[in-house]
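In what follows, chains carry the letters A, B, and so on, assigned in the order in which the sequence lines appear, proteins first and then strands, with residues in each chain numbered from 1.
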Protein chains: 2
Amino acid sequence: MPKSGSAPTINDVARIAGVSKKTVSRVINRSPLLKEATLQKVQKVIAELGYTPNPQARALALRRNFLLGLLHDNPNAQTVLNFQEGVLDAIRDTEFALVVRPVDRHSPDMLEDIRSFLELQRLYGVLLLPPISENDELAKLCRDMGCGYVRMGSAALDEAEHLVQSNDREMVESVIDYLVEIGHRRIGIIEGPSGFRSADERRVGFMAAMKRHGLEVPEGASAQGSYRFNSGIEAATRLLAGEPKITAIFASNDEMAAGAYHAARERGLKVPEQLSIVGFDNSPIAAHIWPPMTTVGWPIREMAKSAALKLIDPGSEGALPSTFPARLVTRDSVAPPTEGS
Amino acid sequence: MPKSGSAPTINDVARIAGVSKKTVSRVINRSPLLKEATLQKVQKVIAELGYTPNPQARALALRRNFLLGLLHDNPNAQTVLNFQEGVLDAIRDTEFALVVRPVDRHSPDMLEDIRSFLELQRLYGVLLLPPISENDELAKLCRDMGCGYVRMGSAALDEAEHLVQSNDREMVESVIDYLVEIGHRRIGIIEGPSGFRSADERRVGFMAAMKRHGLEVPEGASAQGSYRFNSGIEAATRLLAGEPKITAIFASNDEMAAGAYHAARERGLKVPEQLSIVGFDNSPIAAHIWPPMTTVGWPIREMAKSAALKLIDPGSEGALPSTFPARLVTRDSVAPPTEGS
DNA sequence: TTGTAGGCGTTATCAA
DNA sequence: TTGATAACGCCTACAA
């Protein structure tokens with residue numbers, strides 16, 4: 001009988017069930033070569049004892065930990081946290097746990113740091129959040145080290161088994177369609193920083209839609225930001241100073257869009273009457289700012305869950321989808337352009 | 001010589017250094033009973049080989065993982081993420097890793113869930129964020145299971161070795177002092193939800209300061225919210241409907257304070273000219289809302305670092321402080337009350 | 001289909 | 001001060 005005070009081990013199960021350790025091991029690992037009767041018998045004992053395999057021992061024997069890593073260098077706290085929740089949805093009631101690791105994408109030895117981290121912790125797999133998910137060298141590193149990985153991104157960065165992707169480009173196109181439909185013609189864009197795939201995708205979607213509608217994007221109707229709030233203020237200030245006046249701004253993320261609100265207010269422009277603003281991300285600020293902001297939201301939590309499942313249970317249904325449709329969250333920052341504006 | 005392709009083990013080090021495994025183990029664990037010469041010799045080999053002890057093997061032998069857990073049920077993403085960063089500051093360049101575990105404080109089997117989590121993962125220690133850090137049963141569970149723990153809170157919830165605490169009460173008092181100093185007399189409060197220690201502390205600080213200044217808090221000048229944005233709108237709406245009119249609102253957190261902005265706007269009140277608002281937390285929304293919000297910020301990252309050090313290196317200097325002073329972040333949501341208002 | 005022997009990389013015990 | 005030997009709890013290879 002198991003020593004009281006400590007958790008039962010595989011030996012306890014084996015002894016009580018009257019089989020060998022290895023047989024119990026087979027039950028745990030769902031070996032197909034088990035006689036039904038044996039399986040039942042062992043499972044019964046496992047249930048009675050409340051036995052759970054010791055992850056530390058498995059990790060040692062398998063040279064692989066039952067840990068999923070979350071690598072991120074993301075300025076958006078809510079995104080990261082939503083993602084964590086989604087991963088937890090996937091690993092709930094499993095032996096997996098989630099370890100997080102913020103990284104510094106500007107550090108020259110980021111890759112080396114990650115390498116030694118992976119080597120040390122022997123993670124089962126890692127989840128890569130944008131923008132570092134866009135780093136192909138990092139993906140290669142994971143492959144080389146035999147560490148599973150899934151990248152989250154705004155474009156087809158990798159094969160389906162290593163990717164959960166949103167349709168940023170199309171979404172931005174449909175945002176512009178919407179703005180044009182209600183009457184806007186002179187639409188400006190606050191782009192995200194160069195080097196970010198998401199920023200590229202959103203810009204490309206914007207330009208494509210404008211072109212499709214036969215609309216021009218003059219020099220002064222496009223400005224670049226850093227995805228930070230302050231950069232949004234600056235970019236919008238430049239946009240609003242241009243001629244002819246724009247009637248709407250699409251910002252590549254909500255923080256910059258919030259900055260655009262401030263810039264508009266400073267120029268005495270009312271949102272949405274004199275200036276429509278659309279953001280991207282559906283972060284909390286979009287809901288809390290005044291007037292509440294129309295923005296594009298992606299299903300981060302679902303994407304995270306799917307990403308985690310791709311790692312721990314690739315065959316399962318939840319692991320299948322790789323592309324996740326974003327949706328337009330309509331609030332009050334968009335209105336038809338004012339006559340004569 | 002170590003087999004190429006895989007990391008060197010303690011056996012490699014022992015063989016090359018010409019000592020036993022155990023001696024190497026002693027070097028790793030800084031045993032004091034080592035001859036200086038042996039120590040040097042082994043350390044040299046360790047350095048040459050770039051040897052790192054395998055955490056999985058240690059975890060098995062020690063029945064304890066080199067993992068810190070972060071348990072939270074926190075509605076504020078930025079707080080959680082800042083805390084994560086602080087923990088990372090502490091464990092950088094150590095063999096520790098951080099595993100996160102959101103929990104549901106409303107679930108009836110929360111404690112049971114956490115128990116099995118701790119049992120399974122054999123965490124080195126856990127960090128408890130408010131509000132679940134206020135749960136004494138949870139702390140007891142950790143003690144009973146021999147799992148280290150540190151609680152973060154707004155009051156003296158535990159002994160210094162298990163606690164990092166902010167001085168919420170005094171900070172709120174000084175906020176009120178400040179408001180009174182610039183002329184406010186009729187000040188309202190949006191309280192946090194009952195059952196939250198932070199909410200209690202902030203309310204108590206508010207009441208104490210008002211009393212000290214000989215000011216009354218009439219029935220209609222106090223309303224309770226849930227710490228959520230919408231509850232802030234509702235609470236502030238009630239507050240602003242009361243008579244005599246209040247000239248300032250202290251909200252127990254920034255989200256509710258942001259809600260108060262909305263309520264003020266709906267009533268046509270300008271912030272800060274006709275209504276001053278002060279929040280608590282210094283979350284991103286405080287900086288991004290218009291006008292930028294005056295609020296109270298706590299040094300979460302430093303608190304987190306100290307909390308983690310209390311777990312992994314209790315003797316170190318950084319592990320000492322248990323009380324961390326919050327500070328007032330002055331922005332533009334406070335002004336003297338308007339004459340005759 | 002099941003069992004035996006040995007290994008994963010570390011630490012603990014106890015003797016030398 | 002050091003070392004041989006046996007855990008720790010699981011898995012793989014190979015044998016039966």
Side-chain contact check for B:Ile10: nearest option of D:dG3, C:dT11, C:dT4 is C:dT11
Between CG of B:Leu60 and P of C:dC8 the distance, given in whole Å, is 14 Å
Quiz item: A:Lys21 side-chain donor-acceptor pair to C:dT4 base, under 3.5 Å
no
A:Ser306 and A:Val164 have their tightest heavy-atom pair at OG-CG1, 3.9 Å
In this structure, how many angstroms lie between the P atom of D:dC10 and the CZ atom of B:Arg122, rounded?
9 Å
Would you please confirm or rule out a distance under 4.0 Å between OP1 or OP2 of D:dG3 and any side-chain N or O of B:Ser20?
yes
Check ring pair (Phe, Tyr, Trp, His ring centres under 6.0 Å) between A:Tyr51 and all other residues, then give those that pass, not counting sequence neighbours.
none
Whole-Å distance, A:Glu119 CD to C:dG9 P, equals 13 Å
Near DNA chain D, which residues from residues 23-38 of chain B have a heavy atom under 4.0 Å away?
B:Thr23, B:Arg26, B:Leu33, B:Leu34, B:Lys35, B:Thr38
Distance, rounded to the nearest Å, where A:Leu62 contributes CG and D:dA13 contributes C1':
15 Å
The residue among B:Glu159, B:Lys310, B:Glu161 that forms side-chain hydrogen bond (donor to acceptor under 3.5 Å, both in side chains) with B:Ser322 is B:Lys310
hbond_proxy B:Lys22 side chain to D:dA4 base (donor-acceptor, 3.5 Å cutoff)
no
Is there a side-chain polar atom (N or O) of A:Arg58 under 4.0 Å from OP1 or OP2 of D:dC11?
yes
With sugar-phosphate meaning primed atoms plus P, OP1 and OP2, does B:Phe66 contact a base, only sugar-phosphate, or nothing at under 4.0 Å between heavy atoms?
nothing
